[in-house]
Asker: 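Dropping the structure in here first, questions after.
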Amino acid sequence: MPSSPAPARRTSIVAVAIAEVAVIAAVAVVGGGAWLLGMVVGAILGVVTTLTVVGRSDEPRPAGEPAPEAQVDSVTGLPTHDKLVVDLQDALAAGEDRVLTLYLFALDGFKDYNDAYGDACGDALLEWLARKLRDAVGSYGSAYRMRGGSFALLAVGSERFTSALCASAAAALSESGDGFQIYCDVGQAALPAEAPSPGAALELAARRAAKHGSERHVKSGRRAPVDTFEALRLVRSRADVATLATGIARRLGVPEAEIETVEKAMQLCDIGNVAVPRAVLGYPGKINGPEWQFILLHTLVGERLLAGPLGMESVARLVRYSHERWDGAGYPHGLAGEAIPLGSRIVFVCSAFHDMTSDRPHHAALEPADALAQLQRGAGSQFDPKVVAAFCAEFADDSEPDLDVVTQA
């Protein structure tokens with residue numbers, strides 16, 4: 001087995017260095033002015049030879065032979081465009097009597113999603129779509145991540161079989177959430193009947209996908225919220241705990257000028273969920289797979305929206321840190337204790353109480369007393385103990401009957 005390029009390169013450079021030292025040493029024996037001349041000649045010889053060796057070790061690969069690492073997409077783990085070209089070439093060269101169909105899927109709406117919610121969220125969506133695509137295709141075809149927001153499928157078999165597989169793949173690559181909608185435009189090419197080469201097949205499939213997009217009546221229509229009213233419409237109402245949050249803020253000495261900021265952060269703390277696929281938000285069990293990446297990013301997306309198109313920088317800062325834990329085990333930065341803004345700590349406690357007392361896909365609503373008990377158990381680890389104590393006091397005061405109403409009755 002031949003040695004790898006990197007060790008061979010290191011060995012050659014070492015050999016050159018030894019030869020250079022030998023030349024210098026030999027000339028030094030002569031003495032006099034020849035010693036200095038020998039040093040210069042030896043150094044020049046060493047540099048020239050080293051560059052020659054390095055240049056040979058870095059010779060480009062033959063055309064049509066992409067580097068191995070270029071054949072796997074780092075975001076999705078799928079084979080890349082370059083690997084697809086190689087596979088098409090191999091299939092055509094084999095000359096087997098079988099029907100080979102290339103399907104190209106262009107994602108309509110992905111660019112808007114990526115621009116609105118950021119590259120990290122865009123990568124999370126591509127990874128999510130790729131996993132769905134793998135599950136849909138299984139072992140019946142080969143899936144690829146193309147350049148930009150597109151995927152490909154290579155399938156062998158009858159038109160009826162490959163069309164059904166294509167329909168499953170297209171459904172897997174379509175996705176929606178409260179703040180986005182992604183449709184899939186499909187183009188195909190039969191090889192070698194319609195296209196005698198990989199380049200011709202890709203060009204034909206791309207042209208047909210574009211035509212399909214222009215003829216499709218339903219377009220990706222949902223976009224990120226552009227004003228506060230639209231943002232409030234897209235999130236679950238938290239008016240009840242927003243009132244509690246302002247009372248807690250006053251109890252803890254938050255300046256009056258900042259109270260409104262805490263209230264707005266409480267109402268909009270989960271605005272980043274508009275970038276999360278509905279299937280993830282509605283998952284009935286505990287989220288712990290690749291889809292967890294959306295949950296980790298939702299506070300950053302919320303900050304991006306609030307500080308950008310909604311123009312609420314101070315609210316955005318509180319939302320960014322609204323899922324940091326008192327013990328440092330939260331996200332997105334793992335801040336702990338007093339390093340977390342007080343407003344964010346208030347929002348975290350109020351948000352947790354609201355979630356526990358609401359029906360969710362993975363649990364039924366708890367009684368308020370049970371939710372308060374859970375907050376108290378989490379004080380000192382998940383939650384700031386001072387905020388939990390203030391919440392319990394504020395909740396108790398808020399729950400007392402109105403004495404004036406009782407008297408009038």
Side-chain angles (χ1 to χ4, degrees), residues 64-110 123-176 182-213 215-216 277 279 289-291:
E65 183 185 339
E69 61 270 17
Q71 295 191 11
V72 177
D73 178 52
S74 61
V75 173
T76 64
L78 290 176
T80 62
H81 170 277
D82 291 340
K83 182 64 168 65
L84 172 60
V85 171
V86 171
D87 290 349
L88 288 172
Q89 289 172 338
D90 292 345
L92 291 171
E96 298 179 8
D97 186 18
R98 58 180 183 170
V99 179
L100 184 68
T101 307
L102 168 67
Y103 293 99
L104 190 64
F105 305 91
L107 304 184
D108 174 30
F110 176 73
D123 286 349
L125 182 64
L126 288 174
E127 184 181 2
W128 167 256
L129 294 175
R131 192 179 73 160
K132 290 172 60 185
L133 178 60
R134 282 194 205 93
D135 292 343
V137 171
S139 59
Y140 299 105
S142 299
Y144 303 83
R145 159 82 195 283
M146 305 299 282
R147 299 184 179 102
S150 59
F151 293 83
L153 168 66
L154 194 57
V156 177
S158 66
E159 181 179 355
R160 181 178 179 182
F161 170 77
T162 57
S163 295
L165 192 62
C166 170
S168 296
L173 292 172
S174 299
E175 192 55 84
S176 66
I182 289 179
Y183 288 102
C184 201
D185 295 320
V186 186
Q188 80 284 344
L191 293 88
E194 293 184 309
S197 68
L202 286 167
E203 182 181 354
L204 178 60
R207 191 163 64 247
R208 287 174 171 170
K211 184 173 185 291
H212 177 254
E215 294 174 346
R216 180 166 44 82
E291 57 269 27

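Below, each value reflects all heavy atoms present in this structure, side chains not excepted, and no hydrogens, waters or symmetry copies. Fair warning: this is a prediction, and the values are worked out from it, not measured in the lab.
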Asker: Do L84 and L102 make a side-chain contact, defined as non-hydrogen atoms from C-beta onward lying under 4.5 Å apart?
Answerer: yes

Asker: Scan residues 141-154 for pairs that pass salt bridge (charged side-chain N to carboxylate O under 4.0 Å, His left out), counting only residues two or more places apart or in two chains.
Answerer: D73-R145, D82-R147

Asker: Side chain to side chain contact (heavy atoms under 4.5 Å, CB included) with A169: which residues, sequence neighbours excluded?
Answerer: F105, L133, V137, L153

Asker: Quick one: list whatever passes side chain to side chain contact (heavy atoms under 4.5 Å, CB included) with A136, sequence neighbours left out.
Answerer: S168, A172

Asker: With sequence neighbours left out, what residues match A130 under side chain to side chain contact (heavy atoms under 4.5 Å, CB included)?
Answerer: T76, L78, F151

Asker: Please list, chain by chain and in numerical order, all residues satisfying salt bridge (Lys or Arg N to Asp or Glu O under 4.0 Å) with E159, sequence neighbours excluded.
Answerer: none

Asker: Which pairs with one or both residues in residues 129-144 pass side-chain hydrogen bond (donor to acceptor under 3.5 Å, both in side chains), sequence neighbours excluded?
Answerer: D87-Y144, R131-E291, K132-E175

Asker: Could you list the residues that satisfy side chain to side chain contact (heavy atoms under 4.5 Å, CB included) with S158, not counting sequence neighbours?
Answerer: R160, F161

Asker: According to side-chain hydrogen bond (donor to acceptor under 3.5 Å, both in side chains), does anything in residues 190-208 pair up with another residue at least two apart or in another chain? List the pairs.
Answerer: E194-R208

Asker: For S176 and I182, what are the C-alpha separation, side-chain angles and deciding distance, and is it a side-chain contact (heavy atoms from CB on, under 4.5 Å)?
Answerer: CA-CA 6 Å; S176 66; I182 289 179; over 6 Å; no

Asker: Identify the heavy atoms of A91 and L100 that sit nearest to each other, and give their distance.
Answerer: CB-CD2, 3.6 Å

Asker: Run the side-chain contact (heavy atoms from CB on, under 4.5 Å) test on Y103 and S163 for me, step by step, so that the C-alpha distance in whole Å, both residues' side-chain angles and the decisive distance to 0.1 Å come before the verdict.
Answerer: CA-CA 9 Å; Y103 293 99; S163 295; 4.1 Å; yes

Asker: Going by the rule side-chain hydrogen bond (donor to acceptor under 3.5 Å, both in side chains), which residues pair with T101 if we only count those two or more places apart in sequence or in a different chain?
Answerer: none

